[in-house]
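In what follows, a single structure is set out as structure tokens and then discussed.
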Amino acid sequence: MFGFLKINQDAKRDEVQEEFVARVADAAQEFVQAAGSTGAVLDYTPSSVHALDEALEAAHVGTLPLTPMQTVGAAAYLYEVGRRAHGGLYEVCDDEDPVVLVCGEPGTEVCFGAIAKVERRIRYGSAEAIPPYFEQFLTALQAGEASIIR
């Protein structure tokens, strides 16, 4: 997907994380370019999550055709909004969300999965809206309790 599993096993964790960040940011930028045709203002701020949701609605109704990689890029965009606002590390997870963003302090980490959520948003429409989902992530961070948002 982002090529994360092709890393050199001898690389240091910081180097690996830098590679994750670069690849996620590149995928997000590909989505931003694709979504530009909808007029969405995607500036990586938390308030832009609403514009992301509008672009995904366009994908849902078929006016914004996305390749599978651009769909992953939409999830990457959501990850980058969270990471740029709250820090965190990208971690390899499972088949539903091969990559997740983990934020918070040890013992109170919030694991945020976006890939499956974005796919559901495109498939099922507004019933899977992104802004309330992102708000769950923010609320979990503010509460300071370990949680998984999926």
Side-chain donor or acceptor of [X] paired with backbone N/O of [Y] under 3.5 Å:
X	Y	result
D53	I130	yes
S48	A51	no
T63	A59	no

Notebook entry, point to check: Heavy-atom count around E96 CD within 6.0 Å, excluding the residue itself: above 12?
Noted result: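 Counting neighbours around CD of E96, more than 12 heavy atoms of other residues, nucleotides or ligands fall under 6.0 Å, so yes.
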
Note to self: Counting neighbours of CG on D95 that are heavy atoms of other residues, nucleotides or ligands and sit closer than 6.0 Å, is the number greater than 12?
What the structure shows: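 12 or below, so no.
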
Identify the heavy atoms of [X] and [Y] that sit nearest to each other, and give their distance.
X	Y	result
L101	G88	CD1-C, 4.0 Å
G104	L141	N-CD2, 4.2 Å
E57	S126	OE1-N, 3.9 Å
A85	P46	CB-CG, 4.1 Å
D97	A114	OD1-N, 3.6 Å
V100	Y79	CA-OH, 3.6 Å

What distance separates [X] [atom1] from [Y] [atom2], expressed to the nearest 0.5 Å?
X	Y	atom1	atom2	answer
T45	H50	OG1	NE2	10.0 Å
E54	L64	CD	CG	12.5 Å
D26	E80	CG	CD	9.5 Å
E109	I148	CD	CD1	10.5 Å
F137	F112	CZ	CZ	6.0 Å
Y77	E30	OH	CD	15.5 Å

[X] and [Y]: same hydrophobic cluster, using ILVMFWY side-chain contacts below 4.5 Å?
X	Y	result
V99	L89	no
V118	V102	yes
Y44	L56	yes
I149	V92	yes

Margin query: For E128, run the side-chain hydrogen bond (donor to acceptor under 3.5 Å, both in side chains) check against H60, R121, K117 and tell me which one passes.
Written below: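 Going through H60, R121, K117 one by one, the side-chain hydrogen bond (donor to acceptor under 3.5 Å, both in side chains) with E128 is satisfied by K117 alone.
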
Next item on the list: Identify whether the distance between the nearest side-chain nitrogen and carboxylate oxygen of E91 and R83 falls below 4.0 Å.
Entry: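 Answer for the salt bridge query: no.
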
Checklist line | Any side-chain heavy-atom pair of V72 and F31 under 4.5 Å | finding: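 They are not in side-chain contact.
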
Next item on the list: Taking the side chain as every heavy atom from C-beta outward, state whether L138 and H86 have any atom pair closer than 4.5 Å.
Entry: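 Answer yes - side chains close enough.
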
Next item on the list: Start with the C-alpha distance between L52 and F134, add both sets of side-chain angles, then the distance that settles side-chain contact (heavy atoms from CB on, under 4.5 Å), and finish with yes or no.
Entry: CA-CA 11 Å; L52 169 65; F134 191 71; over 6 Å; no

Checklist line | Test item: side-chain donor near acceptor, E19 and Y90, under 3.5 Å | finding: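 There is no such pair between these side chains.
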
